[in-house]
Amino acid sequence: MPLSQVWQDLDQLFVHAKQFLLGVLPEPWRPWASMVVTIGVIAAIAPAIMMYLTWIERKLIARMQNRFGPTRVGVYGLAQPLADGLKMLIKEDIVPRGADRLLHTVAPILAVVPAMLVFVITPFGRGMIGADLNVGLLYFFAISSIGSYAIFMGGWASRSKFSMLGAMRAVAQIISYEVPGVLSVVAVIMVTGTLSLTGIVDAQADQWFVFTPWGLVGCLMFFLSGVAEVNRTPFDMPEAESELVGGFHTEYSGMKFALWYMAEFLESFAICAFTVTLFLGGWHGPNIPFGIVAVLLGMIIATGSRLPWPVRVLGAAAMAGALVLWGRQPMPSWIWFFTKTYALIFVLVWFRGTFPRLRVDQLMGLAWKFFLPLALVNIVAAGLWVLIPNPILTWVLSTTILMASAWLLVLANKPAPLARRTYVLAD
Amino acid sequence: MALIGTGVLSGMGVVFKTFLETYPWGRVVLRTVGVKPTNGLVTVEYPDVKQQHAERFRYFPFLVYDQTPDNLRCVACRICEQECPPQCIHIIMEKDEQGRPVKNHGRTLPKVFDIDTSVCMSCRICVDVCPFDAIEMDNTYELSSEGRFTEMIYDKQRLLKSDEYFHSIHPEEAAVVDQRLAAKKAKAAPSAPSQPGASPAAPPPAI
Ligand code: SF4
Ligand code: SF4
C-alpha cells in the first residue's frame, strides 16, 4: 500500500496505515510485526481509555450533582488523569502485616490482564479487530470471568475482614450475574448462527438487534448484568464504601490500587463496547456524511472559550482540513462505534448519579428471580423469531410472550405484605 | 398496575435535567422543550471568585484603637484572657521598673497581647466580655501560614486596627458600640471632668 493511498479512505485509515507499515518490512517479518503492532496499539490505547474514562466519569457525575468536577489541572481539568497517575505512581505501596505478599501483588495484575485481553476481540470498526476469532463470544465470557478470581484473590490475600467480605460479595454477585448475562446473548447466537463478533456485527447491517423484542430485552439484561459484573453503582455491593470501606481493594494503595481501578474501568468500557457490538449494531450507523461531524467538532473547538488560542486555531484548521479531505465520505465505522460506546458510558454514569445501592438480597433476587427466568423466556422468543417467517406474527407473538412473562415475574416477585406489627407493652 | 420501571425512569429524568441545567446550552435545550431551568451550578470557584459575605460574618478578633495606634482602648484587664474558652489569648500589662502599671492616655495598656489564630474558635466571647469595647471581630479569613508559632500567633502590632476599619466592616455593630461609649462618657464626665486623655474622641463618622 503506497503512502499516498493511506489517506484516501477515512473509514479504513487505521487499517491502511497498518498495512503501509507492514509493507515497509520484508515479507517473513510481517506476521510477527502485525502482532506487535496490534498488541502495541491495544496496550497503548487501553490505559489512555482508562485515564480519560476517569476524567469523563468525574466530569459527568459532578454535573449531575451540580458541581464542576476537575477544573484546576489543565484546561477543563484535562490534565487531571495525568496528575492522578503520577500521584499513584509515587505513593507508598502498603502491604498489611500478615498478608500474602505474592497473591497481594498478583491479584491486581490478574485483574488488569483479562480486561485488556478483551480488547483483542472488540470490533472497533470495519476490519478493525485485533483477532477475529470464530469463537470470539466464548472467548469474551471466558476471559472476562477471570476477573472474579482476581477479586477474590485480592480480598483473601489482604487479610482484612473488609476485603474478605467484599471479595465474597463480589464473587457471589459476579457468578450470579454471569448466568443471565450469558443467557441473554444466547438469543443473539441463535439468530446469527455464529460466535464470531464480526459475523454478529455483519448480521446487524440492516437491523440492529435492539429494535427487535428479544433484542431489546436481551440488550437490557446483558447491559444490566454487565453493570453488576463490573461492580458499578447501583450494583456496587463488593465495594460498598459505606459498609466495607473499600471492599476488596481496602488494603491496596499506590499503583496496585490504580491497577484495580484500571481493571474496573476497562471492564466497564468492555461491557459498553460489547453491548454495542451485540445489540446496538456494532460499528454500523446511519449514512451521515463525515463533513457534518467535522464542522460540528470544528465549531466546538473554535468556540471553546477556555482553550488557549493556538489550540483553537489549530483544531479548527485541522477540522477544516478533514472536511476538505473526507467531507463527503460517510461517517467512519470507528466513529460510530466509539460514539455508541461512550453514550453507554454516559448511561453508566447516569445510573451512578441516580440510583442508590441495592441491598444484597435485592441484588441476588434480581439476578435469580427476574433476569434468569426472563432470559430463558427470551431464548424462546428468539426461537420463535427464527422459526416463524411471517414478520407481523413473530413481532406480536414474541412481544406478548416477553411482556406477559415480565409482568408475571414482577407479580411473582412482589414481596408478601407484612402483617402489621402490634407491640404489646408491659402490662 | 403502573408500568414496570416508570419510577426508575422518572428518577433518571430528574438527574438528566440537573445535568442539563449546569450547561448554558443545556438550559437552552430545556427551555425549548418547555422545562423551566434553574441555575444548576452553585459552586463559587473560591480562589478566583470570592463570595460576598454577610455583614455579621466574623472570623477573628482584633484590637480597636482611636486615631493613633498607641491610643488603644484595651486596658489589659485580662478579662478576655480568662473568659476565652480555648485559652488562646495571652496578655501582659505594660509596667515600669518598679512594677507599677504604665499609663498612656490615662489608661493602663498591654505590653504583650497575643492571640493564637489556630486555636481561636471565633466564638466572640472576648468581645462580649470586654468592658471597654476594646476588642472586636474581624472578617478576614485567609489567615493560613506555615509558621505555627510565629505567623499564626498574632501579636499586638498585627491585632491593632483602627476604629474606622471597624466601622467599614461592621457598620451596624460599630454604631451601637459608639452609642454605648458616648453614654458612658456622658455619665463619667461630671464626676471626673479633668481626667486627661480619658475622654475618647468624638465617634468618627459612620461609613
Ligand atoms: S473569639 Fe473566642 S476563642 Fe477567639 S479569642 Fe475571642 S474568646 Fe477566644
Ligand atoms: S481586650 Fe478588653 S477584656 Fe481584654 S484585656 Fe483588653 S480591655 Fe480587658
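Just so it is clear: chains get the letters A, B, ... in the order the sequence lines come, proteins before strands, and each one is counted from 1.
- For the residue pair Asp116(B) and His90(B), no side-chain donor N or O sits within less than 3.5 Å of a side-chain acceptor on the partner.
- With a 4.5 angstrom heavy-atom cutoff, Ile61(A) does not touch chain B via any of its atoms.
- The shortest non-hydrogen separation linking Ser184(A) to Asn378(A) is O-ND2, 4.5 Å.
- Neither the backbone nor the side chain of Val14(B) has a heavy atom closer than 4.5 Å to any heavy atom of chain A.
- Defined by atom type and a distance below 3.5 Å, a donor-acceptor pair is present between the side-chain atoms of Ser118(B) and Arg148(B).
- Cation-pi geometry between Arg73(B) and Tyr65(B) is not met: the NZ or CZ atom fails to fall both under 6.0 Å from the ring centre and inside 45° of the normal.
- Put simply, of Thr22(B), Thr43(B), Val42(B), the one with the most heavy-atom pairs under 4.5 Å next to chain A is Thr22(B).
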